[in-house]
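Computed from heavy atoms alone, side chains included, the values below leave out hydrogens, waters and symmetry copies. Because the structure is predicted, anything quoted here is derived from the model rather than measured. Each chain gets a letter, A, B and so on, in the order the sequences are listed, and its residues count up from 1.
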2 protein chains.
Amino acid sequence: MHPRIIDTLKRSQLSVTDSRKKILELFLERKAALAHADIEQHSGDEFDRVTIYRTLQTFVEKGILHTIPSADNAVRYALCKDACTEGHHHDNHVHFMCDLCGTTYCLDHVTVPSVQLPAGYQVHQIDLVASGTCIKCQ
Amino acid sequence: MHPRIIDTLKRSQLSVTDSRKKILELFLERKAALAHADIEQHSGDEFDRVTIYRTLQTFVEKGILHTIPSADNAVRYALCKDACTEGHHHDNHVHFMCDLCGTTYCLDHVTVPSVQLPAGYQVHQIDLVASGTCIKCQ
DNA sequence: AATATTTTGCAACACAGTTGCATTTGCATA
DNA sequence: TATGCAAATGCAACTGTGTTGCAAAATATT
(Lines give C-alpha, C1' and ligand atoms only; values in the text may rest on other atoms or scores of the structure.)
Protein backbone atom coordinates (compact mmCIF):
# COMPACT_ATOMS: atom_id res chain seq x y z
CA MET A 1 0.00 0.00 0.00
CA HIS A 2 1.16 3.48 -0.85
CA PRO A 3 2.71 5.12 2.22
CA ARG A 4 0.85 8.39 1.82
CA ILE A 5 -2.59 6.85 2.13
CA ILE A 6 -3.03 6.59 5.88
CA ASP A 7 -1.39 9.95 6.36
CA THR A 8 -3.64 11.71 3.91
CA LEU A 9 -6.77 10.30 5.47
CA LYS A 10 -5.75 11.13 9.03
CA ARG A 11 -4.68 14.63 8.13
CA SER A 12 -8.19 15.16 6.79
CA GLN A 13 -9.70 13.74 9.99
CA LEU A 14 -11.30 10.87 8.17
CA SER A 15 -11.54 7.39 9.60
CA VAL A 16 -9.45 4.89 7.75
CA THR A 17 -11.73 2.44 5.99
CA ASP A 18 -11.21 -0.17 3.28
CA SER A 19 -13.01 1.75 0.58
CA ARG A 20 -11.21 4.99 1.29
CA LYS A 21 -7.84 3.27 1.27
CA LYS A 22 -8.57 1.44 -1.96
CA ILE A 23 -10.01 4.42 -3.80
CA LEU A 24 -7.22 6.72 -2.70
CA GLU A 25 -4.70 4.09 -3.79
CA LEU A 26 -6.27 3.98 -7.24
CA PHE A 27 -5.73 7.70 -7.63
CA LEU A 28 -2.16 7.52 -6.38
CA GLU A 29 -1.25 4.64 -8.70
CA ARG A 30 -2.57 6.26 -11.84
CA LYS A 31 -1.57 9.70 -12.86
CA ALA A 32 -4.80 10.38 -14.71
CA ALA A 33 -8.19 11.55 -13.57
CA LEU A 34 -10.90 9.00 -12.89
CA ALA A 35 -14.66 9.09 -13.27
CA HIS A 36 -17.00 7.28 -10.94
CA ALA A 37 -17.45 4.52 -13.50
CA ASP A 38 -13.69 3.92 -13.77
CA ILE A 39 -13.46 3.43 -10.06
CA GLU A 40 -16.39 1.08 -10.02
CA GLN A 41 -14.68 -1.05 -12.66
CA HIS A 42 -11.26 -1.10 -11.06
CA SER A 43 -12.53 -1.97 -7.63
CA GLY A 44 -14.66 -4.85 -8.81
CA ASP A 45 -17.82 -5.31 -6.76
CA GLU A 46 -15.81 -4.81 -3.62
CA PHE A 47 -17.78 -1.72 -2.68
CA ASP A 48 -21.29 -0.54 -3.13
CA ARG A 49 -21.95 2.12 -5.76
CA VAL A 50 -23.25 4.42 -3.08
CA THR A 51 -20.09 4.05 -1.04
CA ILE A 52 -18.00 5.13 -4.00
CA TYR A 53 -20.18 8.18 -4.57
CA ARG A 54 -19.97 9.13 -0.93
CA THR A 55 -16.23 8.57 -0.77
CA LEU A 56 -15.66 10.80 -3.78
CA GLN A 57 -17.87 13.48 -2.28
CA THR A 58 -16.00 13.33 0.99
CA PHE A 59 -12.64 13.53 -0.73
CA VAL A 60 -13.72 16.60 -2.67
CA GLU A 61 -15.01 18.28 0.48
CA LYS A 62 -11.75 17.59 2.25
CA GLY A 63 -9.69 18.87 -0.64
CA ILE A 64 -8.12 15.53 -1.45
CA LEU A 65 -9.71 15.43 -4.89
CA HIS A 66 -10.97 18.08 -7.25
CA THR A 67 -13.44 17.79 -10.11
CA ILE A 68 -12.72 18.46 -13.75
CA PRO A 69 -15.51 19.89 -15.88
CA SER A 70 -16.31 18.29 -19.22
CA ALA A 71 -18.79 18.59 -22.02
CA ASP A 72 -19.67 14.90 -22.02
CA ASN A 73 -21.62 14.73 -18.81
CA ALA A 74 -19.07 12.66 -16.95
CA VAL A 75 -17.43 14.43 -14.08
CA ARG A 76 -13.88 13.26 -13.50
CA TYR A 77 -11.92 13.47 -10.28
CA ALA A 78 -8.21 14.01 -9.79
CA LEU A 79 -5.86 14.30 -6.84
CA CYS A 80 -5.11 17.76 -5.59
CA LYS A 81 -1.38 18.23 -5.85
CA ASP A 82 -0.80 18.77 -2.17
CA ALA A 83 -3.92 18.07 -0.25
CA CYS A 84 -5.36 21.55 -0.27
CA THR A 85 -6.88 23.04 2.82
CA GLU A 86 -10.61 22.99 3.14
CA GLY A 87 -12.58 25.78 1.50
CA HIS A 88 -9.74 25.97 -0.93
CA HIS A 89 -9.15 27.77 -4.12
CA HIS A 90 -6.74 25.42 -5.78
CA ASP A 91 -3.90 26.75 -7.75
CA ASN A 92 -5.48 26.89 -11.17
CA HIS A 93 -3.84 24.34 -13.38
CA VAL A 94 -4.81 23.23 -16.85
CA HIS A 95 -6.51 19.94 -17.69
CA PHE A 96 -6.08 17.92 -20.85
CA MET A 97 -8.51 15.34 -22.25
CA CYS A 98 -7.36 12.97 -24.96
CA ASP A 99 -9.95 12.57 -27.72
CA LEU A 100 -8.58 9.16 -28.65
CA CYS A 101 -7.96 7.24 -25.44
CA GLY A 102 -10.17 9.35 -23.22
CA THR A 103 -7.51 9.85 -20.59
CA THR A 104 -7.72 13.08 -18.63
CA TYR A 105 -4.53 14.61 -17.29
CA CYS A 106 -3.83 17.26 -14.70
CA LEU A 107 -1.09 19.45 -16.07
CA ASP A 108 0.01 20.63 -12.66
CA HIS A 109 2.76 22.82 -13.99
CA VAL A 110 0.73 24.68 -16.58
CA THR A 111 -1.14 27.56 -14.99
CA VAL A 112 -4.29 29.11 -16.36
CA PRO A 113 -3.50 32.45 -18.01
CA SER A 114 -5.43 35.45 -16.74
CA VAL A 115 -8.36 36.64 -18.81
CA GLN A 116 -9.77 40.11 -19.13
CA LEU A 117 -13.54 39.95 -18.73
CA PRO A 118 -16.00 42.75 -19.49
CA ALA A 119 -16.71 45.08 -16.56
CA GLY A 120 -19.27 43.69 -14.15
CA TYR A 121 -18.20 40.07 -14.11
CA GLN A 122 -16.49 39.04 -10.90
CA VAL A 123 -14.44 35.91 -11.42
CA HIS A 124 -14.00 33.45 -8.56
CA GLN A 125 -12.69 30.49 -10.49
CA ILE A 126 -11.40 29.64 -13.92
CA ASP A 127 -11.36 26.20 -15.49
CA LEU A 128 -9.37 25.56 -18.62
CA VAL A 129 -9.73 22.22 -20.33
CA ALA A 130 -7.74 21.53 -23.47
CA SER A 131 -8.50 18.51 -25.61
CA GLY A 132 -6.72 16.80 -28.47
CA THR A 133 -4.17 14.01 -28.74
CA CYS A 134 -2.07 13.00 -25.76
CA ILE A 135 1.55 11.86 -25.60
CA LYS A 136 0.71 8.17 -25.67
CA CYS A 137 -1.65 8.40 -28.65
CA GLN A 138 0.64 10.29 -31.05
CA MET B 1 -41.22 34.66 -34.98
CA HIS B 2 -37.61 35.68 -35.27
CA PRO B 3 -36.69 36.22 -38.95
CA ARG B 4 -33.48 34.21 -38.75
CA ILE B 5 -35.16 30.97 -37.74
CA ILE B 6 -36.30 29.58 -41.08
CA ASP B 7 -33.10 30.72 -42.71
CA THR B 8 -30.87 29.02 -40.19
CA LEU B 9 -32.73 25.74 -40.47
CA LYS B 10 -32.72 25.72 -44.26
CA ARG B 11 -29.07 26.65 -44.47
CA SER B 12 -28.36 23.56 -42.38
CA GLN B 13 -30.53 21.40 -44.62
CA LEU B 14 -32.95 20.64 -41.85
CA SER B 15 -36.66 20.37 -42.37
CA VAL B 16 -38.61 23.11 -40.68
CA THR B 17 -40.64 21.58 -37.87
CA ASP B 18 -42.52 23.03 -34.93
CA SER B 19 -40.08 21.84 -32.32
CA ARG B 20 -37.04 23.09 -34.17
CA LYS B 21 -38.61 26.47 -34.72
CA LYS B 22 -39.66 26.80 -31.11
CA ILE B 23 -36.37 25.65 -29.61
CA LEU B 24 -34.30 27.80 -31.91
CA GLU B 25 -36.50 30.75 -31.05
CA LEU B 26 -35.86 30.17 -27.34
CA PHE B 27 -32.14 30.44 -27.93
CA LEU B 28 -32.48 33.55 -30.07
CA GLU B 29 -34.69 35.31 -27.53
CA ARG B 30 -32.42 34.71 -24.58
CA LYS B 31 -28.80 35.60 -24.61
CA ALA B 32 -27.81 32.92 -22.13
CA ALA B 33 -27.06 29.24 -22.54
CA LEU B 34 -29.80 26.73 -21.85
CA ALA B 35 -29.73 23.22 -20.47
CA HIS B 36 -32.15 20.55 -21.59
CA ALA B 37 -34.22 21.08 -18.45
CA ASP B 38 -34.60 24.81 -19.13
CA ILE B 39 -35.95 24.10 -22.56
CA GLU B 40 -38.35 21.51 -21.27
CA GLN B 41 -39.73 24.07 -18.83
CA HIS B 42 -40.04 26.92 -21.28
CA SER B 43 -41.74 24.89 -23.95
CA GLY B 44 -44.39 23.46 -21.65
CA ASP B 45 -45.40 19.93 -22.57
CA GLU B 46 -45.57 20.94 -26.17
CA PHE B 47 -42.84 18.49 -27.16
CA ASP B 48 -41.70 15.13 -25.98
CA ARG B 49 -38.53 14.95 -23.90
CA VAL B 50 -36.97 12.77 -26.55
CA THR B 51 -37.69 15.29 -29.26
CA ILE B 52 -35.89 17.97 -27.32
CA TYR B 53 -32.85 15.73 -26.83
CA ARG B 54 -32.79 14.87 -30.50
CA THR B 55 -33.24 18.46 -31.58
CA LEU B 56 -30.35 19.60 -29.40
CA GLN B 57 -28.16 16.82 -30.79
CA THR B 58 -29.03 17.75 -34.34
CA PHE B 59 -28.33 21.43 -33.73
CA VAL B 60 -24.92 20.60 -32.27
CA GLU B 61 -24.07 18.37 -35.24
CA LYS B 62 -25.06 21.11 -37.65
CA GLY B 63 -23.06 23.72 -35.80
CA ILE B 64 -26.07 25.77 -34.77
CA LEU B 65 -25.40 25.16 -31.08
CA HIS B 66 -22.30 24.32 -29.11
CA THR B 67 -22.00 22.71 -25.70
CA ILE B 68 -20.45 24.29 -22.66
CA PRO B 69 -18.61 22.01 -20.25
CA SER B 70 -19.33 22.24 -16.56
CA ALA B 71 -18.39 20.52 -13.36
CA ASP B 72 -21.98 20.04 -12.25
CA ASN B 73 -23.03 17.39 -14.71
CA ALA B 74 -25.44 19.58 -16.58
CA VAL B 75 -24.38 20.24 -20.14
CA ARG B 76 -25.58 23.59 -21.38
CA TYR B 77 -26.11 24.64 -24.98
CA ALA B 78 -25.57 28.00 -26.60
CA LEU B 79 -25.93 29.48 -30.07
CA CYS B 80 -22.84 29.54 -32.21
CA LYS B 81 -22.21 33.15 -33.12
CA ASP B 82 -22.55 32.71 -36.84
CA ALA B 83 -23.82 29.30 -37.66
CA CYS B 84 -20.49 27.59 -38.06
CA THR B 85 -19.82 25.21 -40.85
CA GLU B 86 -20.05 21.54 -40.10
CA GLY B 87 -17.01 19.86 -38.63
CA HIS B 88 -16.22 23.23 -37.23
CA HIS B 89 -13.66 24.53 -34.87
CA HIS B 90 -15.50 27.45 -33.37
CA ASP B 91 -13.68 30.56 -32.58
CA ASN B 92 -12.72 29.89 -29.01
CA HIS B 93 -14.60 32.27 -26.79
CA VAL B 94 -14.86 32.34 -23.03
CA HIS B 95 -17.89 31.18 -21.04
CA PHE B 96 -19.05 32.57 -17.75
CA MET B 97 -21.27 30.82 -15.21
CA CYS B 98 -22.86 32.82 -12.41
CA ASP B 99 -22.67 31.02 -9.07
CA LEU B 100 -25.68 32.89 -7.77
CA CYS B 101 -28.32 32.89 -10.50
CA GLY B 102 -26.89 29.98 -12.47
CA THR B 103 -26.97 31.85 -15.77
CA THR B 104 -24.33 30.86 -18.28
CA TYR B 105 -23.08 33.47 -20.73
CA CYS B 106 -21.13 33.22 -23.95
CA LEU B 107 -18.61 36.03 -23.90
CA ASP B 108 -18.26 36.11 -27.64
CA HIS B 109 -15.77 38.91 -27.65
CA VAL B 110 -13.37 37.50 -25.11
CA THR B 111 -11.01 35.05 -26.75
CA VAL B 112 -9.21 32.26 -24.99
CA PRO B 113 -5.55 33.14 -24.45
CA SER B 114 -3.07 30.66 -25.87
CA VAL B 115 -1.54 28.17 -23.49
CA GLN B 116 1.86 26.55 -23.70
CA LEU B 117 1.46 22.82 -23.11
CA PRO B 118 4.28 20.34 -22.50
CA ALA B 119 5.74 18.76 -25.63
CA GLY B 120 3.69 15.84 -26.90
CA TYR B 121 0.23 17.22 -26.30
CA GLN B 122 -1.55 18.23 -29.49
CA VAL B 123 -4.37 20.62 -28.74
CA HIS B 124 -7.47 20.61 -30.92
CA GLN B 125 -9.78 22.58 -28.71
CA ILE B 126 -9.66 24.72 -25.61
CA ASP B 127 -12.59 25.42 -23.31
CA LEU B 128 -12.32 28.15 -20.76
CA VAL B 129 -15.12 28.53 -18.25
CA ALA B 130 -14.96 31.28 -15.68
CA SER B 131 -17.37 31.35 -12.78
CA GLY B 132 -18.28 33.93 -10.20
CA THR B 133 -20.84 36.72 -9.94
CA CYS B 134 -22.48 38.10 -13.06
CA ILE B 135 -23.52 41.64 -13.91
CA LYS B 136 -27.11 41.21 -12.78
CA CYS B 137 -26.22 39.66 -9.43
CA GLN B 138 -23.75 42.28 -8.22
C1' DA C 1 -13.05 -4.47 26.07
C1' DA C 2 -17.27 -1.46 25.90
C1' DT C 3 -19.44 2.39 24.05
C1' DA C 4 -20.13 6.22 20.94
C1' DT C 5 -19.53 7.72 16.35
C1' DT C 6 -18.94 7.09 11.61
C1' DT C 7 -19.30 4.53 7.56
C1' DT C 8 -21.32 1.02 4.82
C1' DG C 9 -24.79 -1.65 2.21
C1' DC C 10 -29.31 -2.16 0.80
C1' DA C 11 -33.61 -0.65 -1.06
C1' DA C 12 -35.89 2.70 -3.12
C1' DC C 13 -36.14 6.70 -5.57
C1' DA C 14 -35.40 10.86 -8.87
C1' DC C 15 -33.47 12.45 -12.92
C1' DA C 16 -30.80 12.31 -17.36
C1' DG C 17 -30.25 10.40 -21.59
C1' DT C 18 -30.88 6.60 -25.29
C1' DT C 19 -33.09 3.21 -28.47
C1' DG C 20 -36.66 0.86 -31.38
C1' DC C 21 -40.71 1.19 -33.62
C1' DA C 22 -45.16 2.74 -35.22
C1' DT C 23 -47.33 7.08 -36.52
C1' DT C 24 -47.20 11.60 -38.18
C1' DT C 25 -45.25 15.47 -40.53
C1' DG C 26 -42.68 17.95 -44.03
C1' DC C 27 -40.94 18.07 -48.64
C1' DA C 28 -40.31 17.11 -53.50
C1' DT C 29 -42.20 15.80 -57.62
C1' DA C 30 -45.49 14.95 -60.55
C1' DT D 1 -52.80 20.57 -55.31
C1' DA D 2 -52.54 15.75 -54.61
C1' DT D 3 -49.21 11.75 -53.89
C1' DG D 4 -45.36 9.23 -52.22
C1' DC D 5 -41.10 9.08 -49.86
C1' DA D 6 -37.95 10.46 -46.41
C1' DA D 7 -37.43 12.48 -42.11
C1' DA D 8 -39.05 13.76 -37.54
C1' DT D 9 -42.03 12.85 -33.67
C1' DG D 10 -44.17 10.45 -29.71
C1' DC D 11 -44.47 6.60 -26.91
C1' DA D 12 -42.74 2.84 -24.22
C1' DA D 13 -39.11 0.82 -22.34
C1' DC D 14 -34.59 0.78 -20.89
C1' DT D 15 -29.72 2.10 -19.16
C1' DG D 16 -26.98 4.97 -16.48
C1' DT D 17 -26.06 8.41 -12.87
C1' DG D 18 -26.58 10.21 -8.58
C1' DT D 19 -29.28 10.74 -3.98
C1' DT D 20 -31.68 9.62 0.48
C1' DG D 21 -33.18 6.97 4.68
C1' DC D 22 -32.31 3.52 7.61
C1' DA D 23 -30.51 -0.63 9.80
C1' DA D 24 -26.18 -3.19 10.24
C1' DA D 25 -21.27 -3.17 10.46
C1' DA D 26 -16.82 -1.12 11.05
C1' DT D 27 -13.93 2.37 13.17
C1' DA D 28 -12.49 5.35 16.79
C1' DT D 29 -12.51 6.66 21.72
C1' DT D 30 -12.44 5.86 26.64
Q) Is there a donor-acceptor pair closer than 3.5 Å between any side-chain N or O of A/Glu25 and the backbone N or O of A/Ile5? A) no
Q) Does a side-chain N or O from B/Thr51 land closer than 4.0 Å to OP1 or OP2 of D/dA8, or not? A) no
Q | Apart from B/Val129 itself, residues in the same hydrophobic cluster as defined by side-chain heavy atoms under 4.5 Å | A | B/Ile68, B/Met97
Whole Å only: how far is the [atom1] atom of [X] from the [atom2] atom of [N]?
X       : N      : atom1 : atom2 : result
B/Glu46 : D/dT9  : CD    : C1'   : 13 Å
B/His36 : D/dT17 : NE2   : C1'   : 15 Å
A/Arg76 : D/dT17 : CZ    : P     : 11 Å
A/Phe59 : C/dT7  : CZ    : C1'   : 12 Å
B/Arg20 : C/dC27 : CZ    : C1'   : 13 Å
A/Asp48 : C/dT6  : CG    : P     : 21 Å
B/Leu56 : C/dG17 : CG    : C1'   : 11 Å
A/Ile52 : D/dG16 : CD1   : C1'   : 14 Å

Q. Which atom pair, heavy atoms only, marks the closest approach of A/Ala33 to A/Ala78?
A. CB-CB, 3.9 Å
**Q.** Plane angle bin for B/Tyr105 and B/Phe96 - parallel if under 30°, tilted between 30 and 60°, otherwise perpendicular
**A.** tilted
Q: Indicate the ring-plane relationship of B/Tyr53 and B/His36, choosing parallel, tilted or perpendicular according to the 30° and 60° boundaries.
A: parallel
Q: Run through B/Leu79, B/Leu65, B/Ile6 and flag the one making a side chain to side chain contact (heavy atoms under 4.5 Å, CB included) with B/Leu24.
A: B/Leu79
(Q) Any base atoms under 4.0 Å from B/Thr58, or only sugar-phosphate, or nothing? Heavy atoms, all strands. (A) nothing
(Q) Walk along nucleotides 19-30 of chain D from 5' to 3' and tag each nucleotide B, S or - by protein heavy-atom contact under 4.0 Å, base first, then sugar-phosphate. (A) BBB-----SS--
